[in-house]
Every structure is written in C-alpha cells, then in structure tokens.
2 protein chains.
Amino acid sequence: MPEHLTLQFIKFLRGRGYLITRQRRKIAETVFSTPGHFSVEDIHDLLQRKKVSASKPSIYRTLNVLIKSGLVVQYRIGRRFNRFIIVRHDQHYDHLICTKCGRMMEFKNGTIEEQWSQVAKDHEFVITNPRLEIFGFCKKCRVKWPSVNQPAISLGHP
Amino acid sequence: MPEHLTLQFIKFLRGRGYLITRQRRKIAETVFSTPGHFSVEDIHDLLQRKKVSASKPSIYRTLNVLIKSGLVVQYRIGRRFNRFIIVRHDQHYDHLICTKCGRMMEFKNGTIEEQWSQVAKDHEFVITNPRLEIFGFCKKCRVKWPSVNQPAISLGHP
DNA sequence: TTGTGTGCAAACGATTTGCAGTACC
DNA sequence: GGTACTGCAAATCGTTTGCACACAA
C-alpha cells in the first residue's frame with residue numbers, strides 16, 4: 001500500500017519531467033509509510049534513523065512536489081504546527097482536528113458534502129481539495145480549555 | 001458600530017485587569033474600522049498614515065488580547081498570509097476563502113451547521129469557533145490556478 | 001508610587017535561496 | 001554531456017522577547 005503510493009509518485013515525476021532521485025524516492029517511501037500526520041522534522045528524523053541522508057531543504061522541496069502531485073495535503077494549525085497528511089484516493093474522510101494536541105479523527109457526512117458543493121457552485125468557487133476539517137478541542141484536551149467561546153487559535157499559540 | 005466594538009474591548013480590558021493604554025485604544029479603533037480581513041502590516045500602515053505611533057510588537061501583543069477577548073479571529077492561509085477578521089456577535093456568517101488572493105465571501109447554510117454540531121457531539125469534540133471556511137479559488141483566480149492542491153474546507157480554522 | 005505596557009533592537013525558528021558540486025537520463 | 005537536483009550555509013521574514021524607560025491607575 002505505501003509502495004503503491006510511492007510508485008504513483010514516481011509516475012507523476014516521470015510524467016512531469018522531474019528527475020527520479022534517490023532522495024525523492026526515499027522521502028516518498030518514508031512519507032507513505034507514516035500513519036497519520038507528520039511534520040518536516042518527523043520525516044527528517046525518520047530518515048536519519050534509517051541512515052539515509054536527505055537534507056531538510058530537500059525534504060521541503062520534495063514535499064512541495066508531493067503536494068503538487070495531489071498525494072499529500074498540508075495543514076497549518078497555529079504558528080508552529082505545520083503538518084502534512086497523505087491523501088487517500090480510494091475513499092476520503094473528513095476530520096476533526098484538535099488544535100491543542102494535533103489529533104485527527106475521521107468521519108464522513110454526505111449531507112454536508114452535498115451542501116458545500118452547492119454553496120461553491122452558487123458562488124462560482126472552485127474547492128481545491130474537497131475535505132472538511134473541524135477544528136477544536138478533543139475529548140482529552142477540552143478539560144483544560146473549558147471556555148468554549150475561546151477562539152481556536154491565538155497569536156503565540158501554545 | 002466600530003465604536004461599539006472598541007468600547008466592548010475596553011470593557012474587556014478593564015474586567016481582566018489590563019491597562020487601557022493609548023496604543024491599545026488606537027489599535028482597536030483601527031481594527032474595528034477595517035472592513036473585511038486585515039494583517040498586522042495593514043494595521044501598522046493605517047496607524048502610520050494617521051500619524052499615530054504604535055510599534056509592531058505592540059500590535060502583535062494587542063491582537064493577542066483582541067483574540068482573547070473573542071472579538072477578533074485569526075486565519076492562516078499558507079505561510080505568509082496571516083489574516084485577522086472581526087467577529088460579529090449579532091449574526092455570524094460562513095466564508096468562502098480564496099487561497100490565492102485572500103478574498104472572502106460570506107454565506108449561510110443551516111443544514112451544514114446542524115450536521116457539524118451533530119458530528120462534534122458524536123465525537124465529544126468542542127468546536128472552538130463555530131464558523132465554516134471553505135478554501136479554494138474564487139471566480140477571478142480559478143483561471144490561473146487550475147490544479148493546485150490545498151486544504152479546502154475547515155470549521156473554525158486557525 | 002507601582003507595576004504593566006511600550007518600543008527598540010536583537011533573537012528566533014521555520015522555510016527559502018544562492019551556489020558549487022553531484023547525479024540522473 | 002547537459003541539465004536538474006542536492007546539500008551546505010547564509011538569507012529571509014514574520015513573529016517573539018529582553019530590557020530600559022514610559023505611563024496608566
């Protein structure tokens with residue numbers, strides 16, 4: 001399954017005239033074998049643990065290409081909470097994302113999807129990645145943040 | 001209306017033991033008389049044009065307090081696209097947000113709201129900022145950016 | 001008077017870039 | 001062989017912080 005996605009990426013590279021380098025292959029393999037979400041730092045650490053060299057700039061550059069390929073999506077939760085996740089083409093899920101601990105929970109809701117498509121159509125708007133993210137505090141983190149009206153984010157986020 | 005919000009902010013400051021300084025008042029006045037979304041840079045420029053001194057650190061610090069007060073919400077679209085908007089307490093709207101030009105369009109959809117409340121309830125999740133944001137490309141920008149993949153839809157996005 | 005807020009300059013940290021060397025095709 | 005990619009170091013840029021001074025209460 002991870003190999004499948006790596007191959008899809010290689011195919012994308014080939015199709016767009018990108019070179020298929022050792023680093024790109026290794027970075028993609030690492031990304032696609034990571035469950036859940038990951039950061040640039042995560043990938044860098046995982047590669048080092050595997051004794052594979054790939055510099056941070058290369059990881060950034062490759063992640064950009066991965067995003068262009070549509071296989072990976074980027075999320076920003078607060079200032080220092082930059083995460084990436086793998087897009088699943090077979091069936092996509094929507095997410096509840098905790099802005100405190102970064103936990104993601106999946107769900108699916110057809111009614112919402114129908115509604116948002118209609119709204120976008122009405123406004124001649126192109127939704128780039130049809131995926132719903134609901135930000136807030138998960139079960140574990142809500143205890144510490146009792147005031148529900150507190151906005152999801154603050155300058156100088158925890 | 002802007003004065004009304006500034007007063008509400010002053011009241012908040014007083015209630016929480018914050019000092020009511022010239023800068024905080026001026027920054028709040030500027031923020032609340034800005035239609036649509038704005039950046040730290042915008043506020044800084046507007047104040048300079050009015051010959052009012054307020055340093056950037058002060059603007060950042062005051063925006064933090066404004067966010068704490070719940071009168072302003074922060075959005076991040078990409079790395080260098082940090083925007084703030086005023087929360088309207090009377091009636092809230094959802095937004096279509098263009099990730100290219102930053103344009104925001106308002107809409108309202110009761111069905112979606114009912115659905116997401118239910119989803120959150122099912123997962124014991126606290127939505128911090130009940131507001132739906134759909135990211136994508138607006139009418140003007142869709143031509144130039146036909147296939148870029150970005151996180152698209154969020155509820156209470158940071 | 002007392003302590004919080006301000007402004008400056010410097011620090012910070014994630015991300016980006018210039019450039020010389022490397023490696024893919 | 002030629003061009004795109006890598007890695008290093010340095011630059012970037014928005015944001016934060018330390019500190020001396022100013023000012024609201």
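Chain naming here is simple, since letters A, B, ... match the order of the sequence lines and numbering starts at 1 in each.
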Rounded to whole Å, please give me the gap between [atom1] in [X] and [atom2] in [N].
| X | N | atom1 | atom2 | answer |
| --- | --- | --- | --- | --- |
| B/L63 | C/dT6 | CG | C1' | 15 Å |
| A/H44 | C/dA14 | NE2 | P | 13 Å |
| A/R25 | D/dT6 | CZ | C1' | 16 Å |
| A/I43 | C/dT15 | CD1 | P | 13 Å |
| B/R22 | D/dA22 | CZ | P | 13 Å |
| B/L13 | C/dT4 | CG | C1' | 12 Å |

Calculate, to the nearest 0.5 Å, the distance between atoms [atom1] and [atom2] belonging to [X] and [Y] respectively.
| X | Y | atom1 | atom2 | value |
| --- | --- | --- | --- | --- |
| B/R14 | B/L7 | CZ | CG | 9.5 Å |
| A/S55 | A/L47 | OG | CG | 10.0 Å |
| B/F9 | B/I27 | CZ | CD1 | 8.5 Å |
| B/E29 | B/E3 | CD | CD | 8.0 Å |

Validation: residues 19-26 of chain B side-chain donor-acceptor distances under 3.5 Å, sequence neighbours left out:
{"unit_1": "B/T21", "atom_1": "OG1", "unit_2": "B/R24", "atom_2": "N", "d": "3.2"}
{"unit_1": "B/R22", "atom_1": "NH2", "unit_2": "B/S53", "atom_2": "OG", "d": "3.3"}
{"unit_1": "B/R24", "atom_1": "NH1", "unit_2": "B/L19", "atom_2": "O", "d": "2.8"}

Within the pair [X] and [N], is there a side-chain N or O less than 4.0 Å away from OP1 or OP2?
| X | N | value |
| --- | --- | --- |
| A/Q23 | C/dC24 | no |
| A/T21 | D/dT6 | yes |
| B/Y60 | D/dT15 | yes |

**Message:** When you measure only distances, ignoring hydrogens and angles, does the side chain of A/R61 come within 3.5 Å of the base of D/dG7 through a donor and an acceptor?
**Reply:** yes
**Asked** Any side-chain heavy atom of B/D45 within less than 4.5 Å of one from B/F38?
**Response** no
**Prompt:** Taking the side chain of B/Y18 as heavy atoms from C-beta outward, which of D/dC5, C/dT17, C/dG5 is closest to it?
**Reply:** C/dG5
**Prompt:** the helix from C/dT1-D/dA25 to C/dC25-D/dG1: angle between its terminal axes, five pairs each, to 10°?
**Reply:** 30°
**Request:** Name the orientation class of the two ring planes belonging to A/F12 and A/Y18 (parallel below 30°, tilted from 30 to 60°, perpendicular beyond 60°).
**Result:** parallel
**Message:** Using a 4.0 Å heavy-atom cut-off, does A/R24 contact any base of the nucleic acid, only the sugar-phosphate backbone, or nothing at all?
**Reply:** sugar-phosphate
**Prompt:** In terms of the nearest nucleotide of DNA chain D, which residue is placed more toward the 5' end: B/E41 or B/I20?
**Reply:** B/E41
**Pairwise 5' ranking along DNA chain D for B/L19 and A/I59, keeping only the more 5' one** = A/I59
**Asked** Heavy-atom contacts under 4.0 Å between residues 49-58 of chain B and DNA chain C, which residues?
**Response** B/S53, B/A54, B/S55, B/P57, B/S58
**Prompt:** Do B/L46 and B/L66 share a hydrophobic cluster (ILVMFWY, side-chain heavy atoms under 4.5 Å, transitive)?
**Reply:** no
**Message:** For the NZ atom on B/K11, are there more than 12 heavy atoms of other groups (residues, nucleotides or ligands in this structure) within a distance under 6.0 Å?
**Reply:** no
